Amino acid sequence: MWRLLLVLAATAIPCRGAPDAAESMAERAVMVRDQIVRRGIEDPVVISAMRNTPRHAFVPESLRDHAYEDRPLPIGFGQTISQPYIVAYMTELIGPRSGMKVLEIGTGSGYQAAVLAEAGVKVYSIEIIGALARRAAEALRDAGYGRVVLRSGDGYYGWEEAAPFDAIIVTAAAEAIPPPLLSQLANDGVLIIPVGPPLGTQYLVRVSREDGRTRTQRLLPVRFVPFVRNGGS
Ligand code: SAH
């Protein structure tokens, strides 16, 4: 009897944690099918990045059961982790490929940065709230995305030393496009940014540069937290 119990205990140990991983993979498969593919996301690189990135590792502990729902979630400091579909949509817009260099403004939880890293991109990300930047750094490291390069500060100025970028993704709504970001785009680069007033209608805007000429397209109405200039700590 004792021997049997010991054997059971010993075999149970290596399995700990595995059901959780399997469960979250299953939840992501449903999320990708119902929220991402059904709404028209087609890029296989984006689909596989959304399927593999553990969103639950980037939401507060108390909200983990809701991590794969079709909505943004609060992450503290009045900020949010975007709805999965918006993350997939913005990621698809830049056409992520291995070896690309991408700047994200607004690290927040670190989830968008993780999705980009999962797509093979070299990610630089800036967050203005120091405490969020520190928490995102920890979450990214713990989830195996330690190669994402993070900085705490005002993303308005971009990241001059690491420029030019193949793409820049801004995840907070600005009243106007910050000129330093445009100047840090590579030739043929693309900038994705929500533009509009904090409480009014905002649009996701795509700015592309081809042979020195700039083309701006308004894509869809969105609701993002505001791009701030001096809220850092
Ligand atoms: N991409 C994030 C979404 C976070 S919400 C995620 O995947 O979770 C947008 C974030 O932008 C907030 O954390 C906010 O603090 C940050 N932010 C707002 N203005 C900023 C600025 N000027 N520079 C850098 N980050 C900024």
Side-chain angles (χ1 to χ4, degrees), residues 24 28 31 46 49-69 71-91 94 96 100-163 165 167-174 178 181 184 191-194 222-233:
S24 78
R28 282 199 296 283
M31 173 193 86
V46 177
M50 294 301 292
R51 198 170 276 143
N52 292 331
T53 310
R55 192 168 193 263
H56 63 274
F58 297 93
V59 305
E61 197 104 28
S62 59
L63 294 174
R64 295 228 158 137
D65 286 352
H66 304 280
Y68 297 102
E69 291 175 6
R71 58 182 172 121
L73 291 169
I75 55 171
F77 305 92
Q79 309 304 320
T80 54
I81 174 174
S82 304
Q83 178 193 16
Y85 172 68
I86 285 290
V87 173
Y89 183 77
M90 290 174 82
T91 307
I94 67 162
M100 271 173 70
K101 190 161 70 170
V102 176
L103 173 65
E104 178 197 24
I105 308 298
T107 317
S109 67
Y111 177 62
Q112 171 76 76
V115 168
L116 290 166
E118 192 68 57
V121 159
K122 173 77 189 160
V123 189
Y124 293 78
S125 184
I126 307 177
E127 168 56 52
I128 201 165
I129 299 176
L132 269 183
R134 286 189 288 278
R135 212 171 61 191
E138 212 172 286
L140 283 162
R141 198 192 51 225
D142 291 353
Y145 303 104
R147 60 195 184 280
V148 171
V149 190
L150 298 172
R151 172 190 274 184
S152 178
D154 185 353
Y156 179 90
Y157 302 102
W159 197 316
E160 187 69 56
E161 312 87 275
F165 297 97
I168 300 177
I169 288 185
V170 183
T171 65
L181 298 185
Q184 290 174 26
L191 166 69
I192 310 297
I193 180 169
V222 286
R223 176 57 61 92
F224 275 81
V225 295
F227 187 94
V228 294
R229 296 301 314 281
N230 52 10
S233 59

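Every heavy atom of this structure was used, including side-chain atoms; hydrogens, water molecules and symmetry mates were not. As the structure is a prediction and not an experimental result, all values here were calculated from the model.
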Shortest non-hydrogen separation from [X] to [Y] and the atoms involved:
{"X": "Ala88", "Y": "Val46", "answer": "O-CG1, 3.7 Å"}
{"X": "Ile126", "Y": "Gly158", "answer": "CD1-O, 3.4 Å"}
{"X": "Val121", "Y": "Pro96", "answer": "CG2-CB, 3.8 Å"}
{"X": "Ala57", "Y": "Ala139", "answer": "O-CB, 3.8 Å"}
{"X": "Ala136", "Y": "Gly108", "answer": "CB-O, 3.5 Å"}
{"X": "Val170", "Y": "Leu191", "answer": "CG2-CD1, 4.1 Å"}

Nearest 0.5 angstrom please: [X] [atom1] to [Y] [atom2], how far?
{"X": "Ile192", "Y": "Ile168", "atom1": "CD1", "atom2": "CD1", "answer": "10.5 Å"}
{"X": "Arg71", "Y": "His66", "atom1": "CZ", "atom2": "NE2", "answer": "6.0 Å"}
{"X": "Leu103", "Y": "Lys122", "atom1": "CG", "atom2": "NZ", "answer": "12.5 Å"}
{"X": "Gln112", "Y": "Ile86", "atom1": "CD", "atom2": "CD1", "answer": "10.0 Å"}
{"X": "Ile193", "Y": "Leu181", "atom1": "CD1", "atom2": "CG", "answer": "6.5 Å"}
{"X": "Ser82", "Y": "Tyr111", "atom1": "OG", "atom2": "OH", "answer": "10.0 Å"}

Mind checking whether [X] and [Y] have side chains closer than 4.5 Å, heavy atoms only?
{"X": "Phe227", "Y": "Ile105", "answer": "yes"}
{"X": "Val87", "Y": "Met50", "answer": "yes"}
{"X": "Phe165", "Y": "Val102", "answer": "no"}
{"X": "Arg28", "Y": "His56", "answer": "yes"}
{"X": "Tyr145", "Y": "Glu118", "answer": "yes"}
{"X": "Pro74", "Y": "Leu63", "answer": "yes"}

Backbone of [Y] reached by a side-chain donor or acceptor of [X] within 3.5 Å:
{"X": "Lys101", "Y": "Ala162", "value": "yes"}
{"X": "Glu127", "Y": "Leu132", "value": "no"}
{"X": "Gln184", "Y": "Tyr157", "value": "yes"}
{"X": "Tyr68", "Y": "Arg55", "value": "yes"}
{"X": "Gln79", "Y": "Phe77", "value": "yes"}

Short N-O contact, Arg151 and Glu161, less than 4.0 angstrom | yes
Side chain to side chain contact (heavy atoms under 4.5 Å, CB included) assessment of Arg64 paired with Val59 | CA-CA 6 Å; Arg64 295 228 158 137; Val59 305; 4.2 Å; yes
Could you walk me through whether Asp142 and Leu140 pass the side chain to side chain contact (heavy atoms under 4.5 Å, CB included) check?
-> CA-CA 6 Å; Asp142 291 353; Leu140 283 162; over 6 Å; no
side-chain hydrogen bond (donor to acceptor under 3.5 Å, both in side chains) between Ser125 and Glu104, intermediate numbers included = CA-CA 5 Å; Ser125 184; Glu104 178 197 24; 2.7 Å; yes
For side chain to side chain contact (heavy atoms under 4.5 Å, CB included), just list the numbers for Leu116 and Ile169, CA-CA rounded to whole Å, side-chain angles, deciding distance to a tenth of an Å, and then say yes or no.
-> CA-CA 10 Å; Leu116 290 166; Ile169 288 185; 4.3 Å; yes
Hey, which of Ile75, Ile81, Leu73 is the one that makes side chain to side chain contact (heavy atoms under 4.5 Å, CB included) with Phe58?
-> Ile81
Test side chain to side chain contact (heavy atoms under 4.5 Å, CB included) applied to Ile128 and Val228, step by step | CA-CA 8 Å; Ile128 201 165; Val228 294; 3.9 Å; yes
